[in-house]
Amino acid sequence: MDAILSASVMALSAGLAIFSTASVAEAGAPKVRVRILDGARSVAIRGFDLQFRSVNREDLKLQQASALRSLAGRPSLSARSDRLSNWNLSCPNGGVVQATQTAANGKYPLRNVFFAGPVRVESPAGFVTVAGKQYREKVFVHPIQTRHGWECEVVNHVDVENYLDGLVNAEFSAAWNREAIDAQVIAARTYAYYQMKLMTKRGSHFDLDSTIKDQVYDGSMREDYRSRLSAIRTRGQVLKVSRSDEWPIKAYYHSTCGGTTELPEVVWGTRMKGFSHRVTCPYCRNSPSFIWDVPLSAREIALAIWKGARDLGPADREITRAWPRTWEKDLRESILVDLRVSAQNASGRAEVVTSRWKNVGGKEFALDMPGTQFRYWIGPSRLKSTVFQVLAAGKDQWVLRGRGFGHGVGLCQWGAKTLGEQGKKAREILKFYYPDTVIARAW
Ligand SMILES: [Zn+2]
(Lines give C-alpha, C1' and ligand atoms only; values in the text may rest on other atoms or scores of the structure.)
Protein backbone atom coordinates (compact mmCIF):
# COMPACT_ATOMS: atom_id res chain seq x y z
CA MET A 1 0.00 0.00 0.00
CA ASP A 2 2.76 2.39 1.05
CA ALA A 3 4.69 1.51 -2.04
CA ILE A 4 1.67 2.23 -4.21
CA LEU A 5 1.06 5.51 -2.43
CA SER A 6 4.63 6.69 -2.72
CA ALA A 7 4.72 5.65 -6.36
CA SER A 8 1.64 7.73 -7.10
CA VAL A 9 3.02 10.70 -5.17
CA MET A 10 6.20 10.44 -7.19
CA ALA A 11 4.19 10.23 -10.38
CA LEU A 12 2.20 13.28 -9.36
CA SER A 13 5.25 15.34 -8.49
CA ALA A 14 6.93 14.24 -11.70
CA GLY A 15 3.79 15.38 -13.48
CA LEU A 16 3.94 18.78 -11.81
CA ALA A 17 7.62 19.14 -12.61
CA ILE A 18 6.87 18.42 -16.22
CA PHE A 19 4.08 20.97 -16.27
CA SER A 20 6.58 23.63 -15.31
CA THR A 21 8.51 22.99 -18.51
CA ALA A 22 6.69 23.81 -21.72
CA SER A 23 6.18 20.33 -23.16
CA VAL A 24 7.46 16.79 -23.61
CA ALA A 25 9.66 18.01 -26.48
CA GLU A 26 13.39 17.44 -26.19
CA ALA A 27 16.06 17.59 -28.82
CA GLY A 28 15.92 14.62 -31.13
CA ALA A 29 12.26 13.79 -31.66
CA PRO A 30 11.10 14.60 -35.18
CA LYS A 31 8.18 16.84 -36.08
CA VAL A 32 4.96 15.36 -37.30
CA ARG A 33 2.79 17.31 -39.77
CA VAL A 34 -0.87 16.90 -38.88
CA ARG A 35 -3.54 18.20 -41.25
CA ILE A 36 -6.05 19.86 -38.92
CA LEU A 37 -8.27 21.52 -41.56
CA ASP A 38 -8.90 19.98 -44.93
CA GLY A 39 -10.20 22.77 -47.14
CA ALA A 40 -11.92 25.80 -45.55
CA ARG A 41 -13.10 29.09 -47.08
CA SER A 42 -11.79 30.98 -44.08
CA VAL A 43 -9.83 30.06 -40.99
CA ALA A 44 -10.00 31.91 -37.66
CA ILE A 45 -6.53 32.14 -36.10
CA ARG A 46 -5.80 33.67 -32.71
CA GLY A 47 -2.66 34.06 -30.65
CA PHE A 48 -0.23 36.37 -28.88
CA ASP A 49 2.11 38.43 -31.06
CA LEU A 50 1.50 36.20 -34.04
CA GLN A 51 4.21 35.97 -36.68
CA PHE A 52 3.28 35.24 -40.29
CA ARG A 53 5.89 34.19 -42.79
CA SER A 54 5.55 33.28 -46.42
CA VAL A 55 7.62 30.10 -46.70
CA ASN A 56 8.51 29.51 -50.33
CA ARG A 57 8.13 32.70 -52.27
CA GLU A 58 10.29 31.39 -55.08
CA ASP A 59 7.60 28.93 -56.09
CA LEU A 60 5.16 31.74 -56.65
CA LYS A 61 7.30 33.24 -59.41
CA LEU A 62 7.10 30.02 -61.31
CA GLN A 63 3.43 29.42 -60.76
CA GLN A 64 1.57 32.67 -60.79
CA ALA A 65 0.87 35.67 -62.98
CA SER A 66 2.64 38.95 -62.25
CA ALA A 67 -0.52 40.63 -60.96
CA LEU A 68 -0.76 37.97 -58.33
CA ARG A 69 2.92 38.36 -57.40
CA SER A 70 2.42 42.03 -56.66
CA LEU A 71 -0.74 41.24 -54.71
CA ALA A 72 1.07 38.70 -52.55
CA GLY A 73 3.51 41.31 -51.44
CA ARG A 74 4.53 40.57 -47.86
CA PRO A 75 7.21 38.03 -47.05
CA SER A 76 6.52 38.27 -43.32
CA LEU A 77 4.58 40.11 -40.68
CA SER A 78 4.88 40.27 -36.92
CA ALA A 79 1.75 41.36 -35.11
CA ARG A 80 3.47 42.92 -32.11
CA SER A 81 0.69 44.27 -30.05
CA ASP A 82 1.65 42.51 -26.81
CA ARG A 83 -1.75 41.02 -26.74
CA LEU A 84 -4.01 38.56 -28.32
CA SER A 85 -4.86 39.28 -31.91
CA ASN A 86 -7.58 37.75 -34.08
CA TRP A 87 -7.19 36.95 -37.75
CA ASN A 88 -9.25 35.49 -40.52
CA LEU A 89 -7.20 33.75 -43.16
CA SER A 90 -8.55 32.95 -46.58
CA CYS A 91 -7.01 31.70 -49.81
CA PRO A 92 -8.83 33.73 -52.46
CA ASN A 93 -6.63 33.07 -55.51
CA GLY A 94 -4.04 30.58 -56.63
CA GLY A 95 -1.17 30.60 -54.18
CA VAL A 96 -2.26 33.67 -52.18
CA VAL A 97 -3.12 33.77 -48.50
CA GLN A 98 -5.07 36.79 -47.31
CA ALA A 99 -4.73 37.58 -43.61
CA THR A 100 -7.34 39.97 -42.21
CA GLN A 101 -6.85 41.19 -38.69
CA THR A 102 -10.18 41.66 -36.99
CA ALA A 103 -11.41 43.28 -33.79
CA ALA A 104 -11.68 41.03 -30.75
CA ASN A 105 -15.25 40.08 -31.61
CA GLY A 106 -14.01 38.82 -34.96
CA LYS A 107 -16.33 41.15 -36.89
CA TYR A 108 -14.57 44.38 -37.88
CA PRO A 109 -11.64 44.11 -40.28
CA LEU A 110 -8.67 46.19 -39.05
CA ARG A 111 -6.14 45.47 -41.78
CA ASN A 112 -5.51 43.19 -44.73
CA VAL A 113 -2.18 41.57 -45.62
CA PHE A 114 -1.47 39.36 -48.62
CA PHE A 115 1.17 36.65 -48.68
CA ALA A 116 2.47 34.20 -51.21
CA GLY A 117 1.40 30.88 -49.75
CA PRO A 118 2.03 28.69 -47.92
CA VAL A 119 2.24 30.84 -44.80
CA ARG A 120 3.75 29.78 -41.49
CA VAL A 121 2.05 31.14 -38.36
CA GLU A 122 3.60 30.95 -34.91
CA SER A 123 3.67 32.79 -31.61
CA PRO A 124 6.49 33.37 -29.11
CA ALA A 125 4.02 31.98 -26.54
CA GLY A 126 4.30 28.58 -28.25
CA PHE A 127 0.61 28.14 -29.03
CA VAL A 128 -1.64 29.11 -31.93
CA THR A 129 -5.42 28.77 -31.77
CA VAL A 130 -7.04 27.56 -35.00
CA ALA A 131 -10.84 27.43 -35.29
CA GLY A 132 -11.15 27.46 -31.50
CA LYS A 133 -8.58 24.72 -30.77
CA GLN A 134 -5.13 25.37 -29.38
CA TYR A 135 -2.08 23.85 -31.09
CA ARG A 136 1.54 23.76 -29.99
CA GLU A 137 4.38 25.17 -32.09
CA LYS A 138 3.58 26.15 -35.70
CA VAL A 139 0.73 25.96 -38.15
CA PHE A 140 1.09 26.22 -41.93
CA VAL A 141 -1.72 27.56 -44.12
CA HIS A 142 -1.61 26.09 -47.64
CA PRO A 143 -3.77 27.39 -50.49
CA ILE A 144 -5.24 24.34 -52.23
CA GLN A 145 -7.60 23.82 -55.11
CA THR A 146 -10.70 21.80 -54.21
CA ARG A 147 -13.91 21.12 -56.09
CA HIS A 148 -15.29 24.29 -54.42
CA GLY A 149 -12.45 26.46 -55.80
CA TRP A 150 -9.47 27.78 -53.83
CA GLU A 151 -9.50 26.97 -50.14
CA CYS A 152 -7.09 26.92 -47.20
CA GLU A 153 -5.67 23.77 -45.72
CA VAL A 154 -4.08 23.99 -42.27
CA VAL A 155 -1.25 21.74 -41.07
CA ASN A 156 0.18 21.72 -37.52
CA HIS A 157 3.92 21.00 -37.33
CA VAL A 158 4.56 19.66 -33.84
CA ASP A 159 7.08 17.52 -31.97
CA VAL A 160 5.77 13.98 -32.30
CA GLU A 161 5.97 13.39 -28.52
CA ASN A 162 3.79 16.45 -27.89
CA TYR A 163 1.40 15.21 -30.56
CA LEU A 164 1.08 11.90 -28.68
CA ASP A 165 0.43 13.74 -25.43
CA GLY A 166 -2.52 15.53 -27.06
CA LEU A 167 -3.71 12.34 -28.75
CA VAL A 168 -4.23 10.09 -25.70
CA ASN A 169 -7.50 11.64 -24.53
CA ALA A 170 -8.81 12.11 -28.06
CA GLU A 171 -8.20 8.52 -29.18
CA PHE A 172 -8.67 6.71 -25.86
CA SER A 173 -8.43 7.83 -22.22
CA ALA A 174 -5.61 8.79 -19.89
CA ALA A 175 -7.78 7.50 -17.03
CA TRP A 176 -7.18 3.91 -18.15
CA ASN A 177 -4.45 1.87 -16.49
CA ARG A 178 -0.86 2.86 -17.11
CA GLU A 179 0.30 -0.22 -19.02
CA ALA A 180 -2.68 -0.08 -21.41
CA ILE A 181 -2.01 3.62 -22.05
CA ASP A 182 1.69 2.97 -22.65
CA ALA A 183 0.88 0.17 -25.11
CA GLN A 184 -1.49 2.45 -27.01
CA VAL A 185 0.94 5.38 -27.01
CA ILE A 186 3.60 3.10 -28.54
CA ALA A 187 1.10 1.90 -31.16
CA ALA A 188 0.04 5.49 -31.93
CA ARG A 189 3.69 6.65 -32.17
CA THR A 190 4.45 3.74 -34.51
CA TYR A 191 1.47 4.62 -36.72
CA ALA A 192 2.52 8.28 -36.84
CA TYR A 193 6.16 7.41 -37.56
CA TYR A 194 5.10 5.12 -40.42
CA GLN A 195 3.01 7.94 -41.92
CA MET A 196 5.85 10.45 -41.46
CA LYS A 197 8.23 8.25 -43.45
CA LEU A 198 5.66 7.39 -46.10
CA MET A 199 4.37 10.91 -46.73
CA THR A 200 7.88 12.43 -46.74
CA LYS A 201 8.88 9.85 -49.35
CA ARG A 202 5.82 10.80 -51.39
CA GLY A 203 6.67 14.51 -51.14
CA SER A 204 3.40 15.35 -49.37
CA HIS A 205 3.06 18.51 -47.26
CA PHE A 206 1.40 16.61 -44.38
CA ASP A 207 1.77 13.20 -42.72
CA LEU A 208 -1.55 12.51 -41.04
CA ASP A 209 -5.12 13.69 -40.75
CA SER A 210 -6.51 14.70 -37.37
CA THR A 211 -9.69 12.67 -37.91
CA ILE A 212 -10.67 8.99 -37.74
CA LYS A 213 -9.01 8.65 -41.17
CA ASP A 214 -5.76 8.45 -39.17
CA GLN A 215 -5.70 9.38 -35.48
CA VAL A 216 -8.10 11.80 -33.79
CA TYR A 217 -6.21 14.88 -32.55
CA ASP A 218 -7.61 18.10 -31.08
CA GLY A 219 -4.35 19.92 -30.39
CA SER A 220 -3.03 20.55 -26.91
CA MET A 221 -6.30 21.03 -25.03
CA ARG A 222 -6.63 17.36 -24.11
CA GLU A 223 -3.12 16.93 -22.73
CA ASP A 224 -2.88 15.92 -19.08
CA TYR A 225 -0.15 14.73 -16.73
CA ARG A 226 -0.95 11.03 -17.27
CA SER A 227 -0.74 11.25 -21.06
CA ARG A 228 2.44 13.30 -20.71
CA LEU A 229 4.08 10.77 -18.41
CA SER A 230 3.16 7.97 -20.77
CA ALA A 231 4.82 9.79 -23.69
CA ILE A 232 7.93 10.27 -21.52
CA ARG A 233 8.07 6.66 -20.29
CA THR A 234 7.80 5.27 -23.82
CA ARG A 235 9.73 8.03 -25.58
CA GLY A 236 10.90 7.04 -29.08
CA GLN A 237 9.61 3.45 -28.82
CA VAL A 238 8.06 2.01 -31.98
CA LEU A 239 7.12 -1.43 -33.32
CA LYS A 240 9.15 -3.07 -36.07
CA VAL A 241 9.32 -6.57 -37.50
CA SER A 242 13.04 -6.61 -36.69
CA ARG A 243 15.13 -4.05 -34.79
CA SER A 244 17.38 -3.50 -37.81
CA ASP A 245 14.43 -2.56 -40.06
CA GLU A 246 14.36 1.01 -41.28
CA TRP A 247 10.57 1.16 -41.39
CA PRO A 248 8.15 0.58 -38.52
CA ILE A 249 4.93 -1.35 -39.12
CA LYS A 250 1.73 0.59 -39.80
CA ALA A 251 0.41 -0.10 -36.29
CA TYR A 252 -3.34 -0.06 -36.77
CA TYR A 253 -5.51 -0.22 -33.67
CA HIS A 254 -9.23 -0.11 -33.00
CA SER A 255 -11.78 0.06 -30.19
CA THR A 256 -13.11 -3.50 -29.81
CA CYS A 257 -12.24 -6.58 -31.87
CA GLY A 258 -15.28 -8.55 -30.68
CA GLY A 259 -13.36 -11.81 -30.17
CA THR A 260 -10.73 -12.05 -32.93
CA THR A 261 -8.46 -9.48 -34.55
CA GLU A 262 -8.28 -9.23 -38.34
CA LEU A 263 -5.64 -9.14 -41.07
CA PRO A 264 -5.20 -5.98 -43.17
CA GLU A 265 -5.69 -7.82 -46.48
CA VAL A 266 -9.20 -8.81 -45.41
CA VAL A 267 -10.17 -5.23 -44.56
CA TRP A 268 -8.30 -3.23 -47.21
CA GLY A 269 -7.33 -5.85 -49.76
CA THR A 270 -3.57 -5.36 -49.21
CA ARG A 271 -1.17 -7.44 -47.16
CA MET A 272 0.95 -5.41 -44.75
CA LYS A 273 4.31 -6.11 -43.18
CA GLY A 274 4.06 -7.11 -39.51
CA PHE A 275 0.54 -8.56 -39.72
CA SER A 276 0.59 -12.27 -40.42
CA HIS A 277 -1.49 -13.58 -37.52
CA ARG A 278 -5.01 -13.13 -36.25
CA VAL A 279 -5.26 -13.06 -32.47
CA THR A 280 -8.07 -14.57 -30.41
CA CYS A 281 -9.02 -11.90 -27.88
CA PRO A 282 -11.51 -12.79 -25.14
CA TYR A 283 -10.59 -9.58 -23.25
CA CYS A 284 -12.90 -6.94 -24.76
CA ARG A 285 -16.15 -8.29 -23.30
CA ASN A 286 -16.52 -5.22 -21.07
CA SER A 287 -16.59 -2.91 -24.07
CA PRO A 288 -19.96 -1.19 -24.60
CA SER A 289 -19.60 -2.27 -28.24
CA PHE A 290 -18.89 -5.95 -27.63
CA ILE A 291 -22.40 -6.87 -28.84
CA TRP A 292 -24.84 -4.53 -30.57
CA ASP A 293 -28.06 -4.41 -32.59
CA VAL A 294 -28.69 -1.91 -35.38
CA PRO A 295 -32.28 -1.66 -36.66
CA LEU A 296 -32.53 -0.45 -40.27
CA SER A 297 -35.57 0.14 -42.45
CA ALA A 298 -35.58 -1.15 -46.04
CA ARG A 299 -35.66 2.48 -47.20
CA GLU A 300 -32.55 3.38 -45.19
CA ILE A 301 -30.70 0.38 -46.60
CA ALA A 302 -31.74 1.19 -50.18
CA LEU A 303 -30.72 4.83 -49.80
CA ALA A 304 -27.35 3.96 -48.24
CA ILE A 305 -26.51 1.49 -51.03
CA TRP A 306 -27.70 3.85 -53.75
CA LYS A 307 -25.76 6.85 -52.36
CA GLY A 308 -22.64 4.81 -51.61
CA ALA A 309 -22.56 3.22 -55.05
CA ARG A 310 -23.35 6.52 -56.77
CA ASP A 311 -20.56 8.44 -54.99
CA LEU A 312 -17.90 5.72 -54.94
CA GLY A 313 -18.90 3.39 -57.76
CA PRO A 314 -20.68 0.04 -57.40
CA ALA A 315 -19.03 -2.77 -55.48
CA ASP A 316 -15.88 -3.66 -57.36
CA ARG A 317 -13.95 -6.31 -55.45
CA GLU A 318 -13.30 -9.60 -57.20
CA ILE A 319 -15.22 -11.50 -54.54
CA THR A 320 -18.57 -10.09 -55.70
CA ARG A 321 -20.66 -10.53 -58.85
CA ALA A 322 -20.77 -7.59 -61.27
CA TRP A 323 -23.78 -5.32 -60.86
CA PRO A 324 -26.32 -4.96 -63.70
CA ARG A 325 -25.62 -1.89 -65.79
CA THR A 326 -29.05 -0.51 -64.96
CA TRP A 327 -28.46 -0.75 -61.16
CA GLU A 328 -29.20 2.89 -60.45
CA LYS A 329 -32.63 2.81 -62.06
CA ASP A 330 -33.32 -0.71 -60.72
CA LEU A 331 -32.55 0.35 -57.15
CA ARG A 332 -34.80 3.40 -57.32
CA GLU A 333 -37.73 1.39 -58.60
CA SER A 334 -37.46 -1.74 -56.42
CA ILE A 335 -38.11 -2.91 -52.90
CA LEU A 336 -35.72 -4.85 -50.70
CA VAL A 337 -36.87 -8.43 -50.24
CA ASP A 338 -33.80 -10.01 -48.66
CA LEU A 339 -30.53 -8.99 -47.04
CA ARG A 340 -27.99 -11.51 -45.80
CA VAL A 341 -24.34 -12.17 -45.17
CA SER A 342 -23.61 -14.60 -48.00
CA ALA A 343 -19.92 -15.22 -47.21
CA GLN A 344 -17.96 -14.79 -44.01
CA ASN A 345 -14.34 -15.47 -43.18
CA ALA A 346 -12.71 -17.53 -40.42
CA SER A 347 -12.98 -14.70 -37.88
CA GLY A 348 -16.70 -14.20 -38.54
CA ARG A 349 -16.39 -10.99 -40.58
CA ALA A 350 -18.86 -10.51 -43.41
CA GLU A 351 -16.97 -10.89 -46.68
CA VAL A 352 -19.96 -10.55 -48.96
CA VAL A 353 -23.35 -9.03 -48.20
CA THR A 354 -26.09 -9.88 -50.70
CA SER A 355 -29.21 -7.80 -51.14
CA ARG A 356 -32.18 -9.02 -53.21
CA TRP A 357 -34.65 -6.62 -54.78
CA LYS A 358 -37.99 -6.88 -56.57
CA ASN A 359 -39.04 -4.25 -59.10
CA VAL A 360 -42.59 -3.10 -59.95
CA GLY A 361 -42.89 -5.76 -62.64
CA GLY A 362 -42.11 -8.47 -60.07
CA LYS A 363 -38.63 -9.15 -61.49
CA GLU A 364 -35.96 -9.97 -58.87
CA PHE A 365 -32.27 -9.16 -59.00
CA ALA A 366 -29.35 -9.32 -56.55
CA LEU A 367 -26.62 -6.84 -55.65
CA ASP A 368 -23.51 -8.11 -53.84
CA MET A 369 -21.22 -5.93 -51.77
CA PRO A 370 -17.99 -6.62 -49.86
CA GLY A 371 -18.71 -6.45 -46.11
CA THR A 372 -16.28 -3.56 -45.53
CA GLN A 373 -17.94 -1.53 -48.27
CA PHE A 374 -21.43 -2.23 -46.93
CA ARG A 375 -20.28 -1.10 -43.45
CA TYR A 376 -18.83 2.10 -44.87
CA TRP A 377 -22.00 2.84 -46.86
CA ILE A 378 -24.30 2.33 -43.87
CA GLY A 379 -21.90 4.45 -41.77
CA PRO A 380 -18.87 3.11 -39.86
CA SER A 381 -20.09 4.38 -36.47
CA ARG A 382 -23.61 3.04 -37.03
CA LEU A 383 -22.60 -0.38 -38.31
CA LYS A 384 -19.69 -0.71 -35.89
CA SER A 385 -17.91 -3.66 -37.49
CA THR A 386 -18.25 -6.29 -40.21
CA VAL A 387 -18.80 -9.08 -37.64
CA PHE A 388 -22.58 -9.21 -37.98
CA GLN A 389 -25.55 -11.28 -39.04
CA VAL A 390 -28.84 -10.06 -40.43
CA LEU A 391 -32.01 -10.76 -38.48
CA ALA A 392 -35.21 -9.90 -40.30
CA ALA A 393 -37.49 -8.44 -37.66
CA GLY A 394 -40.94 -7.65 -38.90
CA LYS A 395 -42.17 -6.07 -42.05
CA ASP A 396 -39.77 -3.64 -43.65
CA GLN A 397 -37.47 -3.72 -40.62
CA TRP A 398 -34.05 -5.40 -40.54
CA VAL A 399 -31.90 -5.85 -37.49
CA LEU A 400 -28.16 -6.28 -37.85
CA ARG A 401 -26.67 -7.98 -34.79
CA GLY A 402 -22.92 -7.80 -34.45
CA ARG A 403 -19.83 -7.69 -32.32
CA GLY A 404 -16.94 -5.25 -31.91
CA PHE A 405 -16.19 -1.70 -33.03
CA GLY A 406 -13.69 -0.83 -35.75
CA HIS A 407 -11.75 -2.61 -38.47
CA GLY A 408 -10.31 -5.19 -36.06
CA VAL A 409 -6.68 -4.87 -37.21
CA GLY A 410 -3.89 -4.68 -34.60
CA LEU A 411 -4.39 -3.68 -30.98
CA CYS A 412 -7.90 -3.98 -29.48
CA GLN A 413 -8.16 -1.01 -27.07
CA TRP A 414 -10.75 -2.55 -24.74
CA GLY A 415 -8.80 -5.80 -24.71
CA ALA A 416 -5.59 -3.91 -23.88
CA LYS A 417 -7.43 -2.20 -21.01
CA THR A 418 -8.40 -5.58 -19.50
CA LEU A 419 -4.90 -7.02 -19.99
CA GLY A 420 -3.42 -3.98 -18.21
CA GLU A 421 -5.90 -4.42 -15.34
CA GLN A 422 -4.82 -8.05 -15.10
CA GLY A 423 -1.23 -6.93 -14.51
CA LYS A 424 0.23 -7.36 -18.00
CA LYS A 425 3.04 -4.99 -18.96
CA ALA A 426 2.80 -2.71 -22.02
CA ARG A 427 5.37 -4.81 -23.91
CA GLU A 428 3.33 -7.97 -23.20
CA ILE A 429 0.12 -6.32 -24.42
CA LEU A 430 1.90 -5.24 -27.62
CA LYS A 431 3.41 -8.70 -28.17
CA PHE A 432 -0.08 -10.17 -27.80
CA TYR A 433 -1.74 -7.93 -30.41
CA TYR A 434 1.27 -7.52 -32.73
CA PRO A 435 2.90 -10.96 -32.37
CA ASP A 436 5.12 -10.42 -35.44
CA THR A 437 6.91 -7.37 -33.99
CA VAL A 438 9.53 -6.16 -31.50
CA ILE A 439 9.87 -2.79 -29.74
CA ALA A 440 12.70 -0.61 -31.09
CA ARG A 441 13.92 2.93 -30.31
CA ALA A 442 13.44 5.36 -33.20
CA TRP A 443 14.80 8.41 -31.28
ZN1 LIG B 1 -10.67 -7.68 -28.38
Side-chain angles (χ1 to χ4, degrees), residues 167-191 212 214-216 230 234 239 249-268 271-272 274-294 341 344-351 371-372 374-376 379-389 400-439:
L167 190 79
V168 170
N169 283 305
E171 269 289 348
F172 33 98
S173 166
W176 285 11
N177 64 83
R178 169 184 153 148
E179 298 296 330
I181 296 167
D182 285 2
Q184 294 182 62
V185 166
I186 293 170
R189 181 186 294 106
T190 306
Y191 185 96
I212 53 162
D214 287 307
Q215 307 190 108
V216 180
S230 179
T234 64
L239 298 164
I249 65 159
K250 188 165 183 178
Y252 289 104
Y253 57 89
H254 59 277
S255 161
T256 307
C257 75
T260 317
T261 67
E262 194 45 275
L263 298 174
E265 57 263 39
V266 175
V267 182
W268 299 290
R271 284 177 62 90
M272 295 209 67
F275 295 91
S276 22
H277 295 89
R278 287 194 181 96
V279 174
T280 303
C281 163
Y283 305 112
C284 49
R285 285 182 187 280
N286 292 335
S287 162
S289 303
F290 188 71
I291 291 181
W292 42 260
D293 277 354
V294 179
V341 175
Q344 58 174 201
N345 72 2
S347 52
R349 282 169 206 278
E351 272 185 340
T372 45
F374 180 71
R375 176 180 173 224
Y376 188 67
S381 2
R382 185 113 192 265
L383 189 55
K384 292 180 169 183
S385 82
T386 56
V387 187
F388 66 86
Q389 284 296 336
L400 277 47
R401 174 165 296 170
R403 275 185 293 134
F405 192 0
H407 48 61
V409 179
L411 179 138
C412 162
Q413 292 176 313
W414 279 86
K417 179 174 185 280
T418 303
L419 285 170
E421 285 161 3
Q422 290 177 357
K424 291 279 186 290
K425 297 286 176 203
R427 65 185 147 74
E428 295 172 303
I429 297 172
L430 291 165
K431 194 71 193 167
F432 181 75
Y433 288 110
Y434 305 98
D436 308 302
T437 66
V438 293
I439 298 175

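Every number for a ligand or one of its atoms is a count from 1 in the order of the listing.
The Zn ion (ligand 1) has Cys257 SG, Cys281 SG, Cys284 SG, Cys412 SG as its protein N, O or S neighbours under 2.8 Å.
By the ring-ring contact (aromatic ring centres under 6.0 Å, His included) test, Phe290 pairs with no residue at all, sequence neighbours left out. Every residue two or more places apart in sequence or in another chain that forms a ring-ring contact (aromatic ring centres under 6.0 Å, His included) with His254 is listed here: His407. Residues passing the side-chain contact (heavy atoms from CB on, under 4.5 Å) test with Thr234 are Asp182, Val185, Ile186, Arg189, Gln237, sequence neighbours excluded.
Ring orientation note: the planes of Phe275 and Tyr252 are tilted relative to one another, at an angle of 30° to 60°.
Looking only at atom types and distance, the side chain of Tyr433 has no donor-acceptor partner in the side chain of Gln413 under 3.5 Å away.
Between the side chain of Arg375 and the backbone N or O of Pro380 there is at least one donor-acceptor pair closer than 3.5 Å.
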